[in-house]
Amino acid sequence: MAYKRQIDRLPIIPADAKVQTVVCHYCIVGCGYKAYSWDINRQGGVAAADNVFGEDLSVQQYAQSAAWYAPSMYNVVKQDGRDVHLVVKPDHDCVVNSGLASARGARIAEMSYSRARQTQMQRLTDPLVWRYGQLQPTSWDDALDLVARVTARIVKDRGEDALVVSASDHGGAGGGYEFTWGTGKLYFEAMKVRNIRIHNRPAYNSEVHATRDMGIGELNNCYEDAELADTIFVVGANPLEAQTNYFLNHWIPNLRGSTASLKDSETPGEEHPAARIVFVDPRRTVSVNACEAEAGPDNVLHLPVKAGTDMVLLNAMFTYIADQGWVDQEFIDAHTAVAGTETGADQSQMLPRKPSTKGQPAPLTTFADAVERNRTSLEQAAEITGLSVDDIRKAAEWIAQPKGDNARRRTMFAYEKGLIWGNDNYRTNGALVNLALATGNVGRPGGGVVRLGGHQEGYVRPSDAHVGRPAPYVDQLLINGEGAVHHIWGCDNYKTTLNAMQFKRTYKERSDKVKDAINSVPYGDREALVNAIVAAIDDGGLFVVDVDIVPTSIGEAAHVILPAATSGEINLTSMNGERRMRITERYMDPPGQAMGDAIIAARLANNMERVLREMGDAAYADKFQGFDWQTEEDVFEDGYRKNAAGGEHVTYDRLRAMGTNGFQEPATGFENGEIVGTKRLYADGQFGTDDGRALFLVAEWGGLQAEGKEAERERFPFLINNGRANLVWQSAYLDKENEMVMDRWPYPFIDMHPDDMAKLSVAEGDLVEVWNDVGSTQAMVYPTPSARPGETFMLFGYPSGVQGNVVNAGVNELIIPNYKNTWANIRKLADKPASVDHLSFKSKEYRI
Ligand SMILES: Nc1nc2c(c(=O)[nH]1)N[C@H]1C(S)=C(S)[C@@H](COP(=O)(O)OP(=O)(O)OC[C@H]3O[C@@H](n4cnc5c(=O)[nH]c(N)nc54)[C@H](O)[C@@H]3O)O[C@H]1N2
Ligand SMILES: Nc1nc2c(c(=O)[nH]1)N[C@H]1C(S)=C(S)[C@@H](COP(=O)(O)OP(=O)(O)OC[C@H]3O[C@@H](n4cnc5c(=O)[nH]c(N)nc54)[C@H](O)[C@@H]3O)O[C@H]1N2
Ligand code: SF4
Ligand SMILES: [Mo]
C-alpha cells in the first residue's frame, strides 16, 4: 500500500533516536511496540553505526529482519511543540507478539494526529459548547464551568440518581488505570452515582458474573498456556481477527507441533502431540480456516451450533465426560465445593444453593449435584444444537479423554463475545466453567478457562457496591425519560448499543429540547443559561456532556464536548489478556488543548467543588477534594498504588524499566530490580471464594432467554449474526479517517450465502436494508459460500450502517445484552454504489 501513502522512501532511524515503550492501544493482546522519535531535520544512515538497528543497511536484509519498518508505522508529530519523526514498530523482544504487528497495530503511527502529514485531523483540539445554534470552541474554564453549574444544580435539586454516566473501561484504547481511577473517584467516591453504564453494555455490571460467582476470575491463565495445551476449546470467538497476535504467536505454533519441547520441559516424558482445536461458532470463521490450513483439517473440529444453543452442547459434554470417568476427581475433591457446607461470599445458604437475593440467577453447587441437574444426553444436544452426536462426542474426547500414556489431557477453554453477548450469558458461562473445573483445567499449565478479551483492561476504582445487582438498565432509563444530565466518557452508544434506533430517537428528542433552550438565551448570561437548561430538563430534556478524542455519532447530541488526549499523548498503564501490565509512555503532544481523561475528571471535580461552595453547600463541596492531580503519574500514585492488589510494588519508573514485557498482575513483590508478578491465577488451588473452593453451576436450558428473541427468530428469516473484522477497530472511530480501511469497507459488509443472494435478487456489493420490529439499518452484500443459508454475519458498530439498530432491547437477569442472536428481514436498497466498484469480493479464506 506504500504508493497509496504517497511515500517512496522513509527516513532511517538514527542511532541516537529516543526509544520509548509502547503497548498497542487497540486490542486486549497488548502487543509490545517501541516508539522511536528524533528531530525533524535529521536522519540516520546506512552504516551500522549510523542507525538504531546497528545493521549495515546498504545490503539486502533477511526476510524477518527487525531492521525495517512499514510506511504505516511512520509519521511526523509534535514533541514539546517541535516537529519530530516518529516510528512506532513492533518489538521483537516482547514475549506477547515477538515482533509481529497486525493490520491494526501496524497503523499506530499513521493513526496519530499530525498537522504536518494531515492524519487524524478530525481529532478534537478544543472544548466545544453549544451556543448560537452550533458547537463553538472555547476554553476549558468556560466549558467546565458550564458542566459543573448544570451538574451541581441537578444533583442538588434531584439527587445523584439524576446524573447518568456512560464510562468506558477501554484499558489500552485510551484510558487504562488512570482513566478508571479518575472517573471512578469522581462518580463513586465524590458522588455515589448508580445510573452508570460501561461502554459495551447498558449497565454497570460484570460481563461474566457466573465465572466470578463460581470463584474464578476470567483472565486466569497466561498466553504460554495456549502453547502448552493439548486441546484448545473455543466458544464464540474469532481469534485470528479479534485477538490476532495471541493467535498467531501462541496458538498456531502449538497447532503446528512446534511447542513440543516447551511442553516437555513442563511434563517430561508425557506424550506431546501437536495441539488440536475445537471451535464452537454458528459460522465458519477465518480462524477455523487458518487452523485447518496450519494444523491440517484432522486436528480442527468446527461445531456450527444453532445460534444461542451453546449451553446444551456444553452440558452434554459435561455429562458425557463425567459418565466416562474422564474427570479429575482428585482436583474436584481437593478444590471444589463439598455438599452441605457453606462456601462462597454469600454464606446465607448451604450447598447446593438456590438462587439467592444477591442476584445469582442460577444455583451454585457441587460437582455431583451439577452432574445430576445438568444431565443432557448427546442425542438431546444433537437435536437442539443441530450438531451430530458423533461430533459432540468427538469434542468431548478431544477435551478430556486421557492421552495414550493415560495422562490427563490439558485443555484450555477460551470464550469471548459469541458466548458473552449470546444467549443466557450466566448459565452458558457457568456450563463452560463446569467443564474446566471437572477436568481440572484451572490454574494448571496448558489450562485455563478464560475470556480472550476485548480491549486491554485497567480497573481500579472505589467500591461500586452502591450500584447493586442487578444494576440499573441505563439505556432503558434514558429512553423512559429519566435522568437529567448525561456524562459520556469514551463511548459511542449511537453506534454500539442495543435497541440503538429507539435509543437515538428518544435521545435526540430529549437533547434537542436543551439545545433549543440554550438557543433562546445569551450564552454569556450564565444564570439565565442554567435556568433555561434546567427548565428544558424539567420538560423532559437531557443535558449531554461528551468526553472523546474525535467527533462521534452520539456527540451530535452533545451540548458540551471535551477533548481527551489518548495513548501515546499521555503516560498510561494497562494490562492485557494474561494480566500483563505495562506502561505506554508519552511520545507525542496531544492535539491542541486536549488533556488525559483522568485530568479532565480532576478539573471537573475542582469545578464542582468551586460551584458547590458558591452555592453555599460546603459539606457537599468537600467531597470533591483530593483531585489536585497535575499528571497521570499523580493519578497513578493516588489510584493504582494505593488501591490495586499489589499496587504498592508498582511505580511508573519500575514499569519503564520493565519495558514491553512488564509483569503479570497481581504484583507480589519487588526483587532484584524487578516487579514480581503472577503467571497464573489459582496455581495454589485456592479459588476466589471464602473457603477457597470453587463452585459448580446449575445450568438449566430454557431456550432463547432474552425477551422477544424466540418470537423474533420465528418471525424473521435471517439470522443477523454480527461482530468484528480484522482491519477495523471497534466503531471505526479512527478508521473512518483512514484511507486504507475506508477503501476496503466503505459500508459494513454482510456475509451471505449465494443462495440467499439469489432469493433476494442481490449481487455482490449491493446495498441492502436489514429490518425487523425494532429498527432498520443497511449493509453491503458480501458473497460467502461457507455461510449457512439463512445465516448472515454483519460488521458491528459501523458508521455507515449500525447493526445495533436491529438488536432488540432484551437482556438477561443481570442486564447483559444478547447482541449476537438477532433475526431480521433483508431487502435490496440499491445497486452497488461507485465507492464499491473497485472492491474485491473474493473469499476471505486462504489455502496453502
Ligand atoms: N451489535 C453489537 N453491538 C456491540 C457489540 C457486538 O458485538 N455487536 N460489541 C460490544 C462491545 S464488546 C464493545 S467493546 C462495544 C464498543 O462500543 P464503544 O465503546 O461505544 O465503541 P468504541 O469504538 O470502542 O469506542 C467508543 C469511543 O471511545 C473513544 N475513545 C477512544 N480513545 C479514547 C480516549 O483515550 N479517551 C476518550 N475519552 N475517548 C476515547 C472513541 O473515539 C469512540 O468514540 O460495542 C458493543 N456493542
Ligand atoms: N479486529 C478487531 N479486533 C478486535 C476488536 C475490533 O473491533 N476489531 N474489538 C475488540 C473487542 S472490544 C472485543 S469485545 C473482542 C471480541 O472478540 P470476539 O468475540 O472473538 O469477536 P466477535 O466477532 O465479536 O464474535 C465472535 C464470534 O461469535 C460468534 N457467535 C455469534 N453468535 C454465537 C452463538 O450463539 N454461539 C457461539 N458459540 N458463537 C456465536 C460469531 O460468529 C463470531 O465469530 O474483539 C477485540 N478485538
Ligand atoms: S493483535 Fe491487538 S494488540 Fe496486537 S497489534 Fe494487533 S490490535 Fe494491537
Ligand atoms: Mo468489547
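Values reported hereafter were calculated over all heavy atoms of this structure, with side chains retained and with hydrogens, waters and symmetry mates removed. Just so you know, ligand 1 is whichever comes first in the structure, and atom 1 is the first atom listed for that ligand. From a predicted model like this one, the values you see are computed outputs, not experimental measurements.
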Taking non-hydrogen atoms only, is [X] closer than 4.0 angstrom to ligand 2 via side chain, backbone, both or neither?
X: W729; result: both
X: K820; result: side chain
X: E241; result: backbone
X: N726; result: backbone
X: V728; result: backbone

Which option, [options], owns the non-hydrogen atom nearest [atom]?
atom: atom 46 (C) of ligand 2; options: G308, A103, A414, A242; value: A242
atom: atom 37 (C) of ligand 2; options: D310, T285, V29; value: D310
atom: atom 34 (C) of ligand 2; options: G418, P304, A725; value: G418

Are the side chains of [Y] and [X] in contact, using a 4.5 Å heavy-atom criterion?
X: N423; Y: T428; result: no
X: L435; Y: T411; result: no
X: N221; Y: V449; result: no
X: Y415; Y: N429; result: yes
X: H302; Y: D281; result: yes
X: E791; Y: N721; result: no

Got the closest protein heavy atom to [atom], with its distance?
atom: atom 42 (O) of ligand 2; result: D281 OD1, 2.7 Å
atom: atom 6 (C) of ligand 2; result: R724 CG, 3.1 Å
atom: atom 6 (Fe) of ligand 3; result: S102 OG, 2.2 Å
atom: atom 26 (C) of ligand 2; result: G236 O, 3.5 Å
atom: atom 4 (Fe) of ligand 3; result: C31 SG, 2.3 Å
atom: atom 2 (Fe) of ligand 3; result: C27 SG, 2.2 Å
atom: atom 31 (C) of ligand 2; result: N721 OD1, 3.1 Å
atom: atom 1 (S) of ligand 3; result: N245 N, 3.5 Å
atom: atom 15 (C) of ligand 2; result: G453 O, 3.5 Å
atom: atom 9 (N) of ligand 2; result: Q730 OE1, 2.8 Å
atom: atom 14 (S) of ligand 2; result: K417 NZ, 3.0 Å
atom: atom 13 (C) of ligand 2; result: G454 CA, 3.1 Å

Assess [X] for proximity to ligand 2: is some non-hydrogen atom of it under 4.0 Å away?
X: S287; result: no
X: A307; result: yes
X: Q243; result: yes

Can you list the atoms of ligand 2 that are under 4.0 Å from a heavy atom of [X]?
X: V235; answer: 38 (N)
X: N821; answer: 32 (N), 35 (O)
X: P282; answer: 30 (N), 32 (N), 33 (C), 34 (C), 36 (N), 37 (C), 39 (N), 40 (C)
X: G723; answer: 23 (O), 24 (O)

Query raised in the report: Are W823 and F716 near enough that their ring centres are under 6.0 Å apart?
Result: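 Aromatic pair excluded; centres sit 6.0 Å or further apart.
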
Query - Y798 ring center near W745 ring center (under 6.0 Å) - result: no

Shortest non-hydrogen contact from [X] to [Y]?
X: P785; Y: H753; answer: O-CD2, 3.3 Å
X: A35; Y: L86; answer: CB-CD1, 4.2 Å
X: A103; Y: R107; answer: O-NE, 2.8 Å

Which of the numbered atoms in ligand 3 are under 4.0 angstrom from any heavy atom belonging to [X]?
X: G30; value: 3 (S)
X: Y26; value: 7 (S)
X: R104; value: 1 (S), 2 (Fe), 6 (Fe), 7 (S)

Query - salt bridge (Lys or Arg N to Asp or Glu O under 4.0 Å) evaluation trace for K417 with E207 - result: CA-CA 9 Å; K417 290 298 168 339; E207 288 174 24; 3.1 Å; yes

Query - C24 N/O/S atom closer than 2.8 Å to atom 8 (Fe) of ligand 3 - result: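 Yes.
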
Does either side chain, that of [X] or that of [Y], offer a donor lying less than 3.5 Å from an acceptor on the other one?
X: S731; Y: D492; value: no
X: T119; Y: N75; value: yes
X: D475; Y: T497; value: yes
X: H455; Y: H25; value: no

**Report entry** Partner of E416 under side-chain hydrogen bond (donor to acceptor under 3.5 Å, both in side chains), chosen from R451, Q243, R724
**Finding:**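 Single side-chain hydrogen bond (donor to acceptor under 3.5 Å, both in side chains) partner of E416 among R451, Q243, R724: R451.
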
Query - Region of Y33 that comes within reach of ligand 3 [heavy atoms, distance under 4.0 Å] - result: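 Y33 to ligand 3: side-chain contact only, backbone stays beyond 4.0 Å.
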
Requested in this report: Look at the rings of Y426 and H209 and say which category their plane angle falls in: under 30° parallel, 30 to 60° tilted, over 60° perpendicular.
Outcome: tilted

**Report entry** Reported CZ-to-CZ distance for the pair R579 and F663, which is rounded to 0.5 angstrom
**Finding:**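 Here the rounded value is 10.5 Å.
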
Query raised in the report: Less than 3.5 Å between some nitrogen or oxygen of R451 and one of ligand 2, yes or no?
Result: no

